[in-house]
Amino acid sequence: MAQLASGVSVAGLALLTSLTCVPAGIAQEANYDESRVPKFVLPDLLQTESGQPVTTPEHWVGQRRAEVVRLFEQHVFGRLPTGDVMLRTQLRSSVPDALQGLAHRREVTVYLTPDDAGPKMELLIYTPRDVKGKVPAFLGLNFNGNQAVEADPRLHMTESWVRNNKELGIENNRATEATRGSEADRWDLERIIKAGYGLVTIYYGDIDPDFDDGFQNGIHAILRKTAAEREGDEGGSISAWAWGLSRALDVLQTDSEIDASRVAVFGHSRLGKTSLWAGATDERFAMVISNNSGCGGAALSKRAFGETVGRINRVFPHWFCVNHRKYNENEQALPLDHHMLIALAAPRPVYVASAVEDEWADPRGEFLGLYHAGPVYSLFGLKPLPSDVMPELNQPIMTDVGYHIRSGKHDVTDYDWEQFLKFADKHLR
Ligand code: GTR
């Protein structure tokens with residue numbers, strides 16, 4: 001039995017298609033006028049809580065970084081679950097010639113408790129068939145179940161809770177045949193595999209179902225130490241999903257086809273908030289990519305542009321910790337902002353992607369979040385964004401950080417993947 005990082009052991013290894021991006025009746029009140037963005041002061045990344053300046057990478061790594069992680073645990077996402085789990089894996093399927101012969105595709109069940117009836121997550125793993133040796137890979141959660149990523153009837157259909165969806169015939173929160181391939185256009189599999197990368201994905205609902213039940217379901221239930229009332233900084237769903245990504249990385253560390261030291265954690269929208277938090281809390285991720293992550297992700301909360309802290313907490317009370325609600329309509333009181341979340345990726349490469357029609361996510365706020373993470377990259381002698389002027393549409397910037405704003409809506413497109421792959425070629429090769 002292999003003993004893995006973070007006290008976890010592994011034995012053996014072998015549609016939401018159209019997510020409601022703008023909740024009805026809420027978008028109308030949102031501010032989309034740049035001239036009405038409040039004046040705000042961003043907390044200084046390079047000053048410790050006791051007021052000392054941080055002038056060396058060692059000081060950042062040895063003290064300030066942990067202070068910033070703690071701020072996000074206390075005021076935004078809550079703590080990640082800490083209870084010990086026993087990861088066991090079982091190979092469910094192995095197809096040597098998936099994707100018209102391009103890829104080796106595996107489905108691996110990861111049991112999170114010693115007994116088979118407990119929670120489990122299903123890893124869907126693609127690796128290029130013709131590459132010898134271990135490959136770098138992207139790891140990301142999906143919204144609809146692994147069967148939605150590729151329209152192949154042989155793929156295991158998720159048994160976890162899924163959101164009801166008329167278009168896909170989902171009633172009673174159970175996935176249907178119509179969900180097969182329904183999310184395929186968000187995963188540019190062929191391009192990823194042809195570029196020599198692996199792709200690993202998991203249905204996010206395997207880790208924690210995306211609805212508010214007072215944090216009783218998903219892995220919360222197995223990892224909470226006492227049934228006592230929740231504390232203000234107990235993790236919400238985003239912390240649970242981030243925890244699941246780290247457990248997937250534990251498993252990949254024993255994989256013979258994927259190089260776990262070169263795994264980029266990726267996510268879109270609520271899962272882009274999650275990829276930033278996963279990258280912040282688990283420094284084993286070699287690269288962090290956040291697509292259209294908006295409020296609670298890459299965007300600066302103090303701008304209160306598009307979706308705000310108050311709105312997100314009311315519509316999705318289970319995503320964040322209870323303390324986060326103190327900042328509803330009160331963003332300026334936050335002792336942090338999301339440039340600090342992005343900076344937690346440093347010195348690893350981080351990519352933030354926006355879409356111009358995704359105003360709800362505040363593209364400018366996402367850009368500025370990355371821009372203001374810059375001082376930490378500079379501290380490491382790395383190149384941050386060169387200026388606070390947003391690039392033109394479809395003109396990516398790639399230094400030691402990456403950014404683009406593309407035409408179109410809130411989504412993950414082939415264009416986005418093209419850029420992520422270029423950035424990965426620059427940093428993960
Ligand atoms: C929206 C939410 C956003 C974003 C999005 C998504 O409804 O307001 O913060 O996360 O969902 O995940 O698609």
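When reading the values below, keep in mind they use all heavy atoms of this one structure, side chains included, and skip hydrogens, waters and symmetry mates. Indexing begins at 1, ligand by ligand and atom by atom, following the structure's order.
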> If you measure only the distance, is there a donor-acceptor pair under 3.5 Å linking the side chains of H410 and S269?
Replying inline: yes

> Under 3.5 Å, is there a donor-acceptor pair between the H104 and S94 side chains?
Replying inline: yes

Would you mind running through ligand 1 and noting each atom that sits below 4.0 Å from a heavy atom of [X]?
| X | result |
| --- | --- |
| S269 | 4 (C), 5 (C), 6 (C), 10 (O), 12 (O), 13 (O) |
| R270 | 5 (C), 6 (C), 10 (O), 11 (O), 12 (O), 13 (O) |
| W319 | 9 (O), 10 (O) |

> Taking atom CD of E34 as the centre, does the number of heavy atoms from other residues, nucleotides or ligands within less than 6.0 Å exceed 12?
Replying inline: yes

> Parallel, tilted or perpendicular for Y204 and F143, by the 30°/60° rule?
Replying inline: perpendicular

> Which of the listed options, E307, K273, H410, R311, holds the heavy atom that is closest to atom 2 (C) of ligand 1?
Replying inline: E307

> Are R65 and E283 close enough for a salt bridge, meaning some N to O gap below 4.0 Å?
Replying inline: yes

> Taking non-hydrogen atoms only, is I312 closer than 4.0 angstrom to ligand 1 via side chain, backbone, both or neither?
Replying inline: side chain

